[in-house]
Amino acid sequence: MRRSLGALPLLVFVGLAFGIPAIAMVAGAFTPGLDNLALTLQGGYLLALLNSVKLSAVVAVLGAVLGTLLAQAVVTSRSTALREAVLTASGVLANFGGVPLAFFWVATLGNSGVVSGLLGLPSGSLFSFWGLALVYLYFAVPLMVLVIAPALDGLRPQWREAAANNGATTWHYWRHVGLPVLTPGLLGGVVLLFGSAFAAYATASAMGAGTVLPLVTLKIAAALSGDVQTGFENVGLALSLDMVLVAALVMAVYLPLQKRSTRWLQ
């Protein structure tokens with residue numbers, strides 16, 4: 001009983017910080033009925049939701065692959081200074097977003113950017129699906145490095161030596177030893193990157209991405225500022241509920257896979 005009382009402040013905080021807003025969001029999304037939710041699955045709102053899911057999936061997969069390769073190179077390096085420098089930089093860059101990140105890329109690869117002028121890139125190349133994906137990878141890859149580096153540290157050199165002594169090739173080692181061990185960390189990293197890209201708003205907004213690539217977060221911001229149809233004032237809450245449902249679906253796929261991969265290691 002005393003142990004339960006110790007967790008009471010945390011439960012109260014979670015209830016106030018997450019429970020009340022969640023209840024208000026759900027109640028607003030269903031007020032006055034299903035009209036707001038139905039509207040989010042039509043026209044520009046549906047396109048924005050699909051764009052956000054597609055963009056987040058691409059960033060999550062590419063970020064996971066590039067981040068894992070970079071982390072593997074750092075972990076296997078004999079240079080302690082290189083390891084500390086990369087991990088420190090990853091910690092900084094993983095939290096570098098919003099308006100500063102947008103300004104950095106616009107000044108570099110924008111229509112009048114320094115690098116885009118030198119390379120002769122076509123106008124508007126940054127303000128596209130793949131341009132925005134490139135910008136998101138700037139914080140996704142460092143985030144994946146931070147997530148997967150501890151898992152890579154867990155791969156013991158003795159396992160590789162034992163595999164080699166038994167005639168296993170590098171592919172066999174990674175197929176039967178390395179990847180099963182790393183699977184929980186890789187899955188967790190992909191889900192984390194997906195959530196970060198899916199919920200990102202400030203960077204895309206500062207770049208003016210809404211004019212060329214509608215995203216659900218930008219649609220929510222527009223709804224909150226009053227850009228809605230008469231009688232659908234709560235469409236922003238309905239879009240927020242759609243985001244929660246997409247996140248819940250991703251977690252519903254992730255958790256069984258993580259449980260299964262964890263069973264492989266037992």
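Residues: numbered from 1 along the sequence shown.
- The closest side-chain heavy-atom distance from F194 to V59 is not below 4.5 Å.
- Nearest heavy-atom pair across G63 and L137 is N-CD2, 3.5 Å.
- One hydrophobic cluster, built from ILVMFWY side chains closer than 4.5 Å, cannot hold both V65 and L187; they sit in different ones.
- Between F96 and F104, the angle of the ring planes goes over 60°, which puts this pair in the perpendicular group of the 30/60° scheme.
- Considering only heavy atoms from C-beta on, L49 stays 4.5 Å or farther from Y45 through its side chain.
- Follow the hydrophobic side-chain contacts under 4.5 Å out from L11 and you never reach F13; the two are in separate clusters.
- Cluster annotation: M207 is connected to Y138 through the hydrophobic network of ILVMFWY side chains, with a link wherever side-chain heavy atoms come within less than 4.5 Å.
- Rounding to the nearest 0.5 angstrom, the gap separating the NZ atom in K219 from the CE atom in M243 is 14.5 Å.
- Taking all atoms of both residues into account, the shortest heavy-atom contact from A73 to T76 is O-OG1, 3.4 Å.
- Here the OG1-CH2 distance, from T169 to W174, works out to 12.5 Å after rounding to the nearest 0.5 Å.
- Considering only heavy atoms from C-beta on, R83 stays 4.5 Å or farther from S77 through its side chain.
- A238 and A29 get closest at one heavy-atom pair: CA-CB, 3.8 Å.
- Checking side-chain atoms of S225 against main-chain N and O of A222 turns up a donor-acceptor pair under 3.5 Å.
- Listed for the T217 side chain is no donor-acceptor partner under 3.5 Å among the backbone atoms of Y201.
- Panel note: side chain N234, backbone G28; a donor-acceptor pair is recorded below 3.5 Å.
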How far apart are the C-alpha atoms of Q42 and L47, what are their side-chain angles, what is the distance that settles it, and do they pass the side chain to side chain contact (heavy atoms under 4.5 Å, CB included) test?
CA-CA 8 Å; Q42 301 175 11; L47 178 62; over 6 Å; no
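- I148 and V190 are members of different hydrophobic clusters when ILVMFWY side chains are connected at heavy-atom separations under 4.5 Å.
- Scanning all heavy atoms of the two residues, the minimum distance from A197 to S56 falls at C-OG, 3.5 Å.
- Using a 4.5 Å cut-off on side-chain heavy atoms (C-beta onward), L218 and S205 make contact.
- For N165, there are no side chain to side chain donor-acceptor pair (under 3.5 Å) partners two or more places apart in sequence or in a different chain.
- Summarising the local packing, CG of L10 is surrounded by more than 12 heavy atoms from other residues, nucleotides or ligands at distances under 6.0 Å.
- T68 places a side-chain N or O within donor-acceptor distance of the main-chain N or O of A64, the cut-off being under 3.5 Å.
- Scanning both residues, G91 and L146, for their nearest heavy atoms gives CA-CD1, 3.7 Å.
- Within 6.0 Å of the CZ atom in F103, the count of heavy atoms belonging to other residues, nucleotides or ligands does not exceed 12.
- Closest heavy-atom contact between V141 and L66: CG2-CB, 4.0 Å.
- Residues N36 and L237 are not in side-chain contact: their nearest non-hydrogen atoms beyond the backbone lie 4.5 Å or more apart.
- Taken together through direct or relayed side-chain contacts under 4.5 Å among Ile, Leu, Val, Met, Phe, Trp and Tyr, F139 and L215 form part of one hydrophobic cluster.
- With sequence neighbours left out, T40 forms a side chain to side chain donor-acceptor pair (under 3.5 Å) with D242.
- Residues I23 and F18 have side chains not in contact (no heavy-atom distance under 4.5 Å, counting atoms from C-beta outward).
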Where do L143 and S90 land on the side chain to side chain contact (heavy atoms under 4.5 Å, CB included) test, with the steps shown first?
CA-CA 7 Å; L143 182 58; S90 297; over 6 Å; no
Stepwise, does the side chain to side chain contact (heavy atoms under 4.5 Å, CB included) test hold for L193 with F198?
CA-CA 8 Å; L193 296 187; F198 192 60; over 6 Å; no
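- The shortest side-chain heavy-atom distance between V86 and L82 falls under the 4.5 Å cut-off.
- To the nearest 0.5 Å, atoms OG (S240) and CD1 (I220) are separated by 3.5 Å.
- Of the possible donor and acceptor atoms, none in the side chain of N51 sits under 3.5 Å from a partner among the backbone N and O of L213.
- Using a distance-only test at 3.5 Å, with no hydrogens or angles considered, a donor-acceptor pair links the side chain of S52 to the main chain of V216.
- Between V58 and the choices L62, V61, L55, the side-chain contact (heavy atoms from CB on, under 4.5 Å) rule is met once, by L62.
- Taking CG of L39 as the start and CG of L34 as the end, the distance is 12.5 Å to the nearest 0.5 Å.
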